[in-house]
Asks: 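Quick one: structure below, then a few questions.
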Amino acid sequence: MDLYFKCGKVGSAETIFKLIPKKEAVSWNVMISGYVTAGKFFEAYGIFSDMREAHVEADAITFTSVLAACSQLAALEKGKDVHKLIIERKLEDGEVVMGALLDMYAKCGAVDEAFGIFRILPERDLVSWTSMITAYGSHGRVHEALKLFADMLQSNVKPDRVTFLAILSACSHAGLVDEGCYYFNEMINVYGIIPRVEHYSCLIDLIGRAGRLNEAYEILQRNPAITDDVGLLSTLFSACRLHRNLDLGFRIARTLIEKNPDDSSTYITLSHMYASVQKWDEMRTVRSQMKKLGLKKNPGCSWTEINQKIYPFFSEDNSRLHLESVNKCILYLTSHMEDESIPFMHFDIEAQIYS
DNA sequence: GTAGGGTTAG
């Protein structure tokens, strides 16, 4: 089953799972973690519910996997339920489960709860330190992130490339340019970590957001390995839009369109850039060019948790969830599942939606 | 057999 999941054959794994007459915890666990690796988080939670209904006792691995699903769905209430179960099962001394719990709270926006878990961890390893730093950094609490990083070094835990990613992204969110550059250099010179594209991504964003666009561009030019990276160019392009640098912006847009002619986002950003400097003719040209090529904006889709249930909605919903949108989203979800299975959620629209 | 941390942009 695990092998099928790893090959992306979710349907085959499901078939085998159904054939197992007496399912033990391991079989359920493989399904839950398999769904998570396949990005099918609704299903992961669904099969966890089935497991509970089947009265199979969940273990640390079950909880760890289902917490990953809760994190991805930002389903805080469901995550809290899992927390209760972990306490009931007296699994609070497990390093990995607690790490997953900490991450779940952080991803669901409950940063202080995440720190509550971090504080009581029996042992703090590289992963838990990094999770907590990421949690603070991604919620704009940079100084707490940097303080924690200092504490981590004090405790003699050596940061790795993920830790630095957390630090760099924290600095970039807060506009701490000098600090960010300092850590970038420390990473290389003190910790011997060779920066990857993702590190450069933070660095380019950091420097670009600060308006030092040419400096950011030079970094790309100086490193042949990353000069043409579409992701990095897009990051810099956004910074050009932010600072209304038409020259560099247009140059980068041209490269991006050459490399990725089907991607509508370049056109959209370009048109926004022209609009921000009142160049309406240029804006219209970009829009009509986009239309001519048949490029459309990707529809936005998200979901929210109301009264223990998860509701999807589309970007055109401004004030509240509409019946049609929910229906559309069910269609969207089902059409995006190769196996045509129906999402586990029950859409109790009449009773819940306007509550 | 199955388990926790990952950037940027639209």
Side-chain angles (χ1 to χ4, degrees), chain A residues 1-6 13 16-17 20 24-37 44 58-69 71 91 94-107 114 117-118 121 124-135 137-138 152 157 159-173 180 184 195-209 216 229-242 252-253 256 260 263-273 295 297-298 300 315:
Chain A
M1 271 165 15
D2 181 47
L3 194 68
Y4 277 124
F5 271 120
K6 287 191 175 128
I16 295 173
F17 180 72
I20 302 173
E24 289 172 38
V26 210
S27 318
W28 292 95
N29 290 351
V30 174
M31 284 306 284
I32 300 170
S33 73
Y35 275 134
V36 172
T37 25
D59 58 17
I61 298 179
T62 319
F63 293 131
T64 307
S65 307
V66 78
L67 280 170
S71 306
L91 291 168
E95 209 175 312
V96 181
V97 212
M98 292 310 269
L101 195 60
L102 157 64
D103 186 56
M104 181 280 295
Y105 277 120
K107 293 255 166 63
I117 301 292
F118 179 79
L121 284 181
R124 290 167 197 168
D125 61 5
L126 173 64
V127 176
S128 33
W129 280 104
T130 306
S131 299
M132 200 57 230
I133 294 170
T134 307
S138 59
M152 173 182 172
V157 179
D160 70 353
R161 58 192 176 82
V162 183
T163 320
F164 276 105
L165 211 48
I167 290 295
L168 292 172
S169 122
C171 290
S172 138
H173 284 307
F184 190 84
R196 299 194 180 189
V197 182
E198 51 267 36
H199 297 107
Y200 279 111
S201 186
C202 293
L203 188 71
I204 298 289
D205 184 61
L206 179 74
I207 297 175
R209 235 184 251 276
D229 187 274
V230 174
L232 295 180
L233 285 169
S234 314
T235 302
L236 184 54
F237 183 37
S238 304
C240 289
R241 180 205 153 182
L242 189 69
I252 295 171
L256 281 172
N260 250 341
D263 185 7
S264 59
S265 63
T266 312
Y267 290 93
I268 292 165
T269 308
L270 193 61
S271 76
H272 286 321
M273 189 167 79
L295 298 176
K297 263 175 108 163
N298 298 328
S315 56

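Reminder, nothing fancy here: chain letters follow the sequence lines and each chain counts from 1.
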Asks: What nucleotide, of B:dG5, B:dG10, B:dT2, holds the atom closest to the side chain of A:V162?
Replies: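 It is B:dG5.
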Asks: If you look at every strand shown and take non-hydrogen atoms under 4.0 Å, does A:R161 touch a base, only sugar-phosphate, or nothing?
Replies: base
Asks: Students often get this wrong, so: under 4.0 angstrom with heavy atoms, is A:D59 touching a base, only sugar-phosphate, or nothing?
Replies: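 No contact.
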Asks: Any donor-acceptor pair under 3.5 Å joining the side chain of A:D125 to the base of B:dG4?
Replies: yes
Asks: If you check every side-chain atom of A:D160, which of B:dG4, B:dG5, B:dG1 has the closest atom?
Replies: B:dG5
Asks: Donor-acceptor pair, A:S201 side chain versus A:V197 backbone, under 3.5 Å?
Replies: no
Asks: Under 3.5 Å, is there any donor-acceptor pair linking the side chain of A:N29 to the base of B:dT2?
Replies: yes
Asks: Choosing from B:dG10, B:dA3, B:dT8, which nucleotide comes nearest the side chain of A:V96?
Replies: B:dA3
Asks: Rounding to a whole Å, what distance do you find between A:L67:CG and B:dA3:P?
Replies: 14 Å
Asks: Of all the heavy-atom pairs spanning A:F184 and A:P195, show the shortest one and how long it is.
Replies: CZ-CB, 3.7 Å
Asks: Would you name the heavy atoms of A:L168 and A:G180 that are closest together and state the gap between them?
Replies: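 So the two residues come closest at CD2-O, 3.4 Å.
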Asks: Show me the donor-acceptor pairs within less than 3.5 Å that the side chains of residues 233-240 of chain A make with the rest of the protein, sequence neighbours left out.
Replies:
from, atom 1, to, atom 2, distance (Å)
A:S234, OG, A:V230, O, 2.6
A:T235, OG1, A:G231, O, 3.0
A:S238, OG, A:S234, O, 3.1

Asks: Find the distance A:L121:CG to B:dG4:P and express it as a whole number of Å.
Replies: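 Taking atom P of B:dG4 as the reference, CG of A:L121 is at 16 Å.
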Asks: Can you identify which nucleotide, out of B:dG6, B:dT8, B:dA3, has its nearest atom closest to the A:T134 side chain?
Replies: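 Between B:dG6, B:dT8, B:dA3, the one nearest the side chain of A:T134 would be B:dG6.
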Asks: Between B:dG4, B:dT8, B:dG6, spot the one nearest the side chain of A:S128, thanks.
Replies: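 Looking only at heavy atoms from C-beta outward on A:S128, the closest nucleotide is B:dG4.
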Asks: Rounded to the nearest Å, what distance is computed from the CD atom of residue A:E198 to the P atom of nucleotide B:dT8?
Replies: 11 Å
Asks: For the pair made of CD1 in A:I117 and C1' in B:dG5, what is the distance, rounded to whole Å?
Replies: 16 Å
Asks: Can you find an N or O donor on one side and an acceptor on the other, under 3.5 Å apart, linking the side chain of A:S201 with the base of B:dT8?
Replies: yes
Asks: Rounded to whole Å, how long is the line connecting atom NE2 of A:H199 with atom C1' of B:dG5?
Replies: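 About 12 Å, once rounded to whole Å.
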Asks: Using only atom types and a distance under 3.5 Å, with no angle test, would you say the side chain of A:T130 pairs donor to acceptor with the backbone of A:L126?
Replies: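 It does hold such a pair.
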Asks: Classify the nucleic acid contact of A:T163 as base, sugar-phosphate or nothing, counting any heavy atom under 4.0 Å across all strands shown.
Replies: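 Touches a base.
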Asks: Which part of the nucleic acid, if any, lies within contact of A:T130, taking any heavy atom under 4.0 Å across all strands shown: a base, the sugar-phosphate backbone alone, or nothing?
Replies: base
Asks: Give the nucleotide from the list B:dG10, B:dT8, B:dG4 with an atom nearest to the side chain of A:S265.
Replies: B:dG10
Asks: Please state how far atom NE2 in A:H173 lies from atom C1' in B:dT8, giving the value in whole angstrom units.
Replies: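 Taking atom C1' of B:dT8 as the reference, NE2 of A:H173 is at 9 Å.
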Asks: Please pick, from B:dG4, B:dG1, B:dG5, the nucleotide with the shortest atom-to-atom distance to any side-chain atom of A:K107.
Replies: B:dG5
Asks: A:T62 near the nucleic acid: base, sugar-phosphate alone, or nothing, with a heavy-atom cut-off under 4.0 Å?
Replies: nothing
Asks: Give the rounded distance in Å between these two atoms: CG of A:L206 and P of B:dT7.
Replies: 16 Å
Asks: Between B:dT2 atom P and A:F63 atom CZ, what is the distance in whole Å?
Replies: 19 Å
Asks: Which residues pass the side-chain hydrogen bond (donor to acceptor under 3.5 Å, both in side chains) test with A:T64, not counting sequence neighbours?
Replies: none
Asks: Once you apply a heavy-atom cut-off of 4.0 Å, does A:L126 come out as touching a base, just sugar-phosphate, or nothing?
Replies: base
